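Source: prediction; values computed, not measured. Letters go in sequence order (proteins before strands), and every chain restarts at 1.
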Amino acid sequence: YAKCGLLAVARQIFDKLQIQDVVSRTSLLVGYVEHGYGVEALESFEHKQHNGFTPDAVMLVCSLKACGSLGAKAKGQEIHYEVERRGMFGTDPVIGNTLIDVYAKCGLFAIAQQMFNKLFVRDVVSWTVLIASYVEQQRSNAALKCLEEMKLEGILPNAATFVWSLKACGSIGAKMKTREIHADIERRGLLKNVDVANTLVSVYAKFGLLAIAEQVFDKISNRDVVSWNALMAGYIEVGESGNLFYMFDKMLGQGTKPDLVTFVIVLSACSSMGMFAKGLFYFEAMSKGYGMVPALEHHTCMVNVLGRVGQLEKALALIMKMPFYPD
RNA sequence: ACCGGGCUAUUUGGA
């Protein structure tokens with residue numbers, strides 16, 4: 001129930017358990033973390049003090065993850081101290097990796113680096129987390145250096161490593177490096193991983209290399225809405241909105257349902273091309289045709305469309321009447 | 001002795 005996001009049910013069952021041990025607590029905690037309830041997750045962790053039991057390595061990792069998702073530096077550090085005090089840093093390989101990630105997610109990159117340096121064993125996750133941390137610091141050259149370094153150390157990059165390395169390439173426009181990593185991915189048969197394939201499409205699309213993006217896209221056997229979105233976003237990049245609307249229809253034809261992101265992309269295209277009527281059409285199609293509720297982002301796109309065609313009063317009126325606080 | 005429940009990184013979007 002926790003994994004499925006039925007947290008109230010999970011909670012009810014947990015409360016009824018005759019024995020609430022560290023595993024059942026952690027199960028609940030994981031449910032909260034994975035569904036974006038970091039605060040509740042930490043609350044259920046705090047609860048341990050009152051019930052006088054000691055969290056094990058798994059529970060500490062899950063609580064640290066909650067800190068990462070919240071950017072809760074102090075709490076993260078507190079749990080880190082507990083880890084050190086109990087001498088668990090070296091005994092559980094997962095804890096060290098998690099600490100790197102948590103500090104990076106809290107923006108404490110120097111400490112994240114320290115954690116990496118302190119590790120006794122650096123596995124593919126350790127390296128990938130470090131690469132991700134460099135990308136987030138906008139030090140993508142350093143991230144790509146790490147990729148080479150880990151290979152020299154004999155650690156084989158996996159799907160997640162490639163995803164982050166490709167993001168690094170994307171953020172600094174490293175087209176040749178992208179091709180190199182792409183070749184590696186094909187060689188390793190990792191294009192079967194839809195996350196990797198989608199990232200490749202997205203990076204090529206952002207470079208405006210639509211022909212290559214399409215090539216990759218065509219090779220994806222298990223295409224999902226993200227694949228389509230990534231490609232469509234590329235058409236905005238090169239100003240080919242005609243192709244974008246064509247792909248939108250093609251996607252529907254192949255039975256893939258658009259999601260909220262799809263409509264942000266479509267509406268962005270309308271606004272960047274100054275297509276007011278088309279924008280309005282898709283905006284209304286969201287609720288009327290697809291039973292979706294336009295979010296703030298979609299309204300923002302419409303404000304943008306109106307602004308670009310000079311309809312400032314209407315743009316303002318939309319801001320005033322939309323069901324969101326304008327940001 | 002072995003096995004069985006909860007753990008770490010990972011894809012697309014507006015301003």
Between atom CG in Asn97(A) and atom P in U10(B), what is the gap in whole Å?
12 Å

Evaluate salt bridge (charged side-chain N to carboxylate O under 4.0 Å, His left out) for Asp184(A) paired with Lys151(A), printing each intermediate quantity in order.
CA-CA 12 Å; Asp184(A) 246 10; Lys151(A) 287 192 210 160; 3.6 Å; yes

Of the listed nucleotides G14(B), U8(B), G6(B), the one nearest the side chain of Asp327(A)
G14(B)

Candidates A9(B), G6(B), C7(B) - which lies nearest the side chain of Ala132(A)
A9(B)

Report which part of the nucleic acid Asn158(A) touches: base, sugar-phosphate, or nothing (heavy-atom distance under 4.0 Å, all strands).
base

What contact category does Ala160(A) fall into here, base, sugar-phosphate, or nothing, at under 4.0 angstrom with non-hydrogen atoms?
base

Remember a base hit wins even if backbone is also touched, and classify Val163(A) as base, sugar-phosphate or nothing at under 4.0 Å, heavy atoms.
sugar-phosphate

Between Asn304(A) and A15(B), is there a side-chain N or O to OP1/OP2 distance below 4.0 Å?
yes

With sugar-phosphate meaning primed atoms plus P, OP1 and OP2, does Val22(A) contact a base, only sugar-phosphate, or nothing at under 4.0 Å between heavy atoms?
base

Salt bridge check, Lys73(A) against Glu78(A): does any charged N sit closer than 4.0 Å to a carboxylate O?
no

Do Lys177(A) and Glu180(A) sit within salt-bridge range, that is, some charged N less than 4.0 Å from a carboxylate O?
yes

Nearest whole angstrom, please: distance from the C1' of U12(B) to the CZ of Phe248(A).
15 Å

Using atom NE2 of His182(A) as one end and atom P of U11(B) as the other, report the distance to the nearest whole Å.
19 Å

Gap between atoms CZ and P, on Phe263(A) and G13(B) respectively (whole Å):
17 Å

Does Glu214(A) pair with Lys219(A) as a salt bridge, N-O distance under 4.0 Å?
no

Of the listed nucleotides (U12(B), G14(B), U10(B)), which one gets closest to any side-chain atom of Ala230(A)?
U12(B)

Do Phe116(A) and Trp127(A) make the cut of ring centroids closer than 6.0 angstrom?
yes

Within the modelled atom types, does a donor on one side and an acceptor on the other bring the side chain of Thr300(A) and the base of G14(B) under 3.5 Å apart?
yes

So Thr26(A), base contact, sugar-phosphate only, or nothing? Heavy-atom distance under 4.0 Å.
base

Base, sugar-phosphate, or nothing for Thr128(A), non-hydrogen atoms under 4.0 angstrom?
base

Considering every strand and a 4.0 Å limit on heavy-atom distances, what is the contact class for Val125(A): base, sugar-phosphate, or nothing?
base

In whole angstroms, how far is the P atom of G13(B) from the CG atom of Leu267(A)?
15 Å

Choose from A15(B), U12(B), U8(B) the nucleotide whose nearest atom is closest to any side-chain atom of Arg308(A).
A15(B)

Roughly how many Å is it from CZ in Phe162(A) to P in A9(B), rounded to a whole number?
19 Å

To the nearest angstrom, how far is Leu60(A) atom CG from U8(B) atom P?
14 Å

Whether Phe248(A) and Tyr282(A) hold their rings parallel, tilted or perpendicular, with breakpoints at 30° and 60°:
perpendicular

Does a side-chain N or O from Lys167(A) land closer than 4.0 Å to OP1 or OP2 of A9(B), or not?
no

Look at the side chain of Asp56(A) against the base of G6(B) and say whether a donor-acceptor pair falls under 3.5 Å; ignore hydrogens and angles.
yes

Whole-Å distance, Leu64(A) CG to U8(B) P, equals 12 Å

From U8(B), U11(B), G5(B), pick the nucleotide closest to the side chain of Thr199(A)?
U11(B)

From the options U8(B), U12(B), U10(B), select the nucleotide whose nearest atom is closest to the side chain of Asp195(A).
U10(B)

Using OP1 and OP2 only, check whether a side-chain N or O of Lys3(A) sits under 4.0 Å from C7(B).
yes

